[in-house]
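Please read these numbers as outputs of a predicted model, since none were measured by experiment.
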Amino acid sequence: INAKWIELYYENNNAYINFGRYPQTLISDNKLIEILSNINEVNKFGYIEYDGNEYKKYNDKYYLVEEIKWNVILKDNKKYVLLSNIILDCMEFDSNQDNPSYLWKSSYKYSNIRDWLNGYHDYTNNGFYNIAFSENEKDLILNSLVDNSSSSGNGEQYVTENTLDKIYLLSITERKNINYNISREVVSSDFALNRGCDHDSWWLRSVISLYGSPFVAVSSKSADNFI
């Protein structure tokens with residue numbers, strides 16, 4: 001995310017921002033679970049409201065909706081580039097139906113995950129951008145010109161036009177340039193794990209060629225380990 005000025009704070013010399021909210025922590029309190037199970041109404045985001053908090057029911061379990069903690073990976077004249085401190089959800093990368101066949105199913109421009117992140121096409125009402133942020137917060141998120149060229153890490157045959165997005169996956173090149181003090185290892189939220197995520201691997205947008213076939217790059221544990 002590329003965002004305008006928001007109040008930030010520091011931990012171990014790294015800058016963070018709390019911005020937006022999303023289901024994260026599994027509820028284990030049996031009394032609270034019983035209460036939530038008897039509430040049938042949900043708000044426009046699909047969350048149960050109780051005692052000043054919001055909860056998401058998924059697979060018969062309940063998750064507390066919490067502020068999203070973001071690493072500030074770049075600061076430029078009161079504009080910040082942000083990367084979530086944890087893995088928040090699980091989403092397939094595979095391309096949507098508008099993808100030209102010659103781009104196989106691994107082009108970021110035509111991917112399901114890009115649509116979901118930004119609320120495009122089938123995700124107009126239920127994409128991450130629309131669920132995680134209030135209208136006031138959306139006003140602070142800037143459009144970013146996303147580099148999908150070979151210099152971003154894409155293999156030459158998988159290069160597409162650059163895109164203009166509110167939210168985007170990092171490329172291999174951007175991932176390598178992240179401050180080594182942050183994001184060396186990531187963990188998944190309880191909610192993301194229940195949705196099927198790995199503990200420590202996350203999508204990049206770069207498409208590379210291995211053994212003659214296209215593979216979407218994944219970051220795992222260290223900045224120099226991409227598969």
Side-chain angles (χ1 to χ4, degrees), residues 1-10 15-27 36 39-58 62-93 96 98 108-147 162-170 174 186 188-192 194-195 197 202-203 205:
I1 295 179
N2 190 345
K4 298 178 186 177
W5 184 88
I6 310 166
E7 184 175 359
L8 52 80
Y9 59 95
Y10 290 84
Y16 297 94
I17 284 173
N18 293 334
F19 184 60
R21 80 255 190 271
Y22 211 70
Q24 296 180 52
T25 303
L26 176 67
I27 301 302
L36 295 176
I39 300 176
N40 297 318
E41 293 185 2
V42 296
N43 61 24
K44 66 177 182 178
F45 301 105
Y47 299 149
I48 297 169
E49 298 181 358
Y50 174 71
D51 199 24
N53 290 314
E54 293 177 305
Y55 300 88
K56 173 70 175 179
K57 183 180 181 181
Y58 182 76
Y62 297 90
Y63 299 86
L64 178 64
V65 178
E66 302 169 85
E67 287 187 316
I68 302 171
K69 182 178 180 180
W70 301 88
N71 293 301
V72 179
I73 61 175
L74 180 65
K75 292 184 284 185
D76 180 22
N77 192 26
K78 294 187 177 180
K79 297 177 183 178
Y80 307 138
V81 178
L82 310 177
L83 176 68
S84 176
N85 191 55
I86 63 173
I87 298 171
L88 293 167
D89 209 333
C90 185
M91 186 66 189
E92 65 180 3
F93 190 102
N96 62 42
D98 296 325
Y108 181 67
K109 177 180 178 180
Y110 299 100
S111 64
N112 280 332
I113 199 166
R114 175 175 173 253
D115 285 354
W116 175 75
L117 285 171
N118 291 277
Y120 299 153
H121 299 108
D122 294 338
Y123 300 99
T124 301
N125 297 316
N126 60 352
F128 179 80
Y129 175 72
N130 293 311
I131 293 176
F133 305 106
S134 68
E135 293 304 315
N136 288 336
E137 289 170 332
K138 289 177 184 177
D139 289 340
L140 298 175
I141 302 175
L142 305 176
N143 283 314
S144 296
L145 183 63
V146 179
D147 181 6
N162 295 338
T163 54
L164 194 66
D165 299 322
K166 296 285 189 180
I167 304 174
Y168 56 94
L169 301 180
L170 294 180
E174 290 164 342
V186 294
S188 296
S189 69
D190 295 336
F191 180 71
N194 193 2
R195 293 267 294 160
C197 282
W202 40 287
W203 290 122
R205 70 175 186 271

Under 3.5 Å, side chain of E41 to main-chain N/O of E49, donor-acceptor pair present? no
Heavy-atom donor-acceptor pair, E137 side chain to G20 backbone, under 3.5 Å: yes
Aromatic ring pairing Y55/Y50, orientation class (parallel under 30°, perpendicular over 60°, tilted between): tilted
Is there a ring pair (Phe, Tyr, Trp, His ring centres under 6.0 Å) between Y58 and Y63? Walk through the geometry before answering. CA-CA 8 Å; Y58 182 76; Y63 299 86; 7.2 Å; no
Among W116, Y120, Y168, find the residue that satisfies the ring-ring contact (aromatic ring centres under 6.0 Å, His included) test when tested with F128. W116
How far apart are the closest heavy atoms of A192 and C90, and which atoms are they? O-CB, 4.3 Å
Is a donor on one side and an acceptor on the other found under 3.5 Å between the side chain of R114 and the backbone of Y108? no
Within the 4.5 Å heavy-atom criterion, are Y123 and N118 side-chain neighbours or not? no
Aromatic ring pairing F19/F133, orientation class (parallel under 30°, perpendicular over 60°, tilted between): tilted
Value for CD1 (I131) from CG (L88), rounded to nearest 0.5 Å, stands at 12.0 Å
Close side-chain approach of I73 to L170, heavy-atom, < 4.5 Å: yes
pair I17-L82: side-chain heavy atoms closer than 4.5 Å: yes
Ignoring hydrogens and angles, tell me if any N or O in the side chain of K166 forms a donor-acceptor pair with the backbone of I141 under 3.5 Å. yes
Answer yes or no: is there a side-chain heavy-atom contact under 4.5 Å between L64 and I27? yes
Determine the minimum heavy-atom distance between C197 and S188, stating which atoms define it. CB-OG, 3.9 Å
N130 vs K138, side chain to side chain contact (heavy atoms under 4.5 Å, CB included): CA-CA, chis, key distance, verdict: CA-CA 8 Å; N130 293 311; K138 289 177 184 177; 3.0 Å; yes
Any chance you could lay out the side chain to side chain contact (heavy atoms under 4.5 Å, CB included) test for L8 and K75, step after step, and finish with the verdict? CA-CA 11 Å; L8 52 80; K75 292 184 284 185; 4.2 Å; yes
Quick one: pull up CG in L169 and CG in L117 and give me the separation to the nearest 0.5 Å. 5.5 Å
Look only at the side chain of R21 and the backbone of V65, and say whether a donor-acceptor pair between them is shorter than 3.5 Å. no
First locate atom CD1 of I86, then atom CG of N71, and finally report the distance between them rounded to the nearest 0.5 Å. 11.0 Å
Just by distance, do the side chain of S144 and the backbone of V146 share a donor-acceptor pair under 3.5 Å? no
Could you check whether any side-chain N or O of R205 sits under 3.5 Å from a backbone N or O of D147, counting only pairs where one atom can act as donor and the other as acceptor? yes
Any side-chain heavy atom of Y22 sitting closer than 4.5 Å to one from F191? yes
Once you round to the nearest 0.5 Å, how far does CG of D89 lie from OG of S84? 10.5 Å
Taking E54 for the side chain and Y47 for the main chain, is one N or O donor matched with an acceptor at less than 3.5 Å? no
If we ignore hydrogens and angles and just use 3.5 Å, is the side chain of Y62 paired with the main-chain N or O of I48 as donor and acceptor? no
So does D139 have more than 12 non-hydrogen atoms from other groups sitting under 6.0 Å from CG? yes
To the closest 0.5 Å, what do you measure between CD1 (I68) and CG (N18)? 9.5 Å
Output for pair (D165 CG, L145 CG), nearest 0.5 Å, gives 9.0 Å
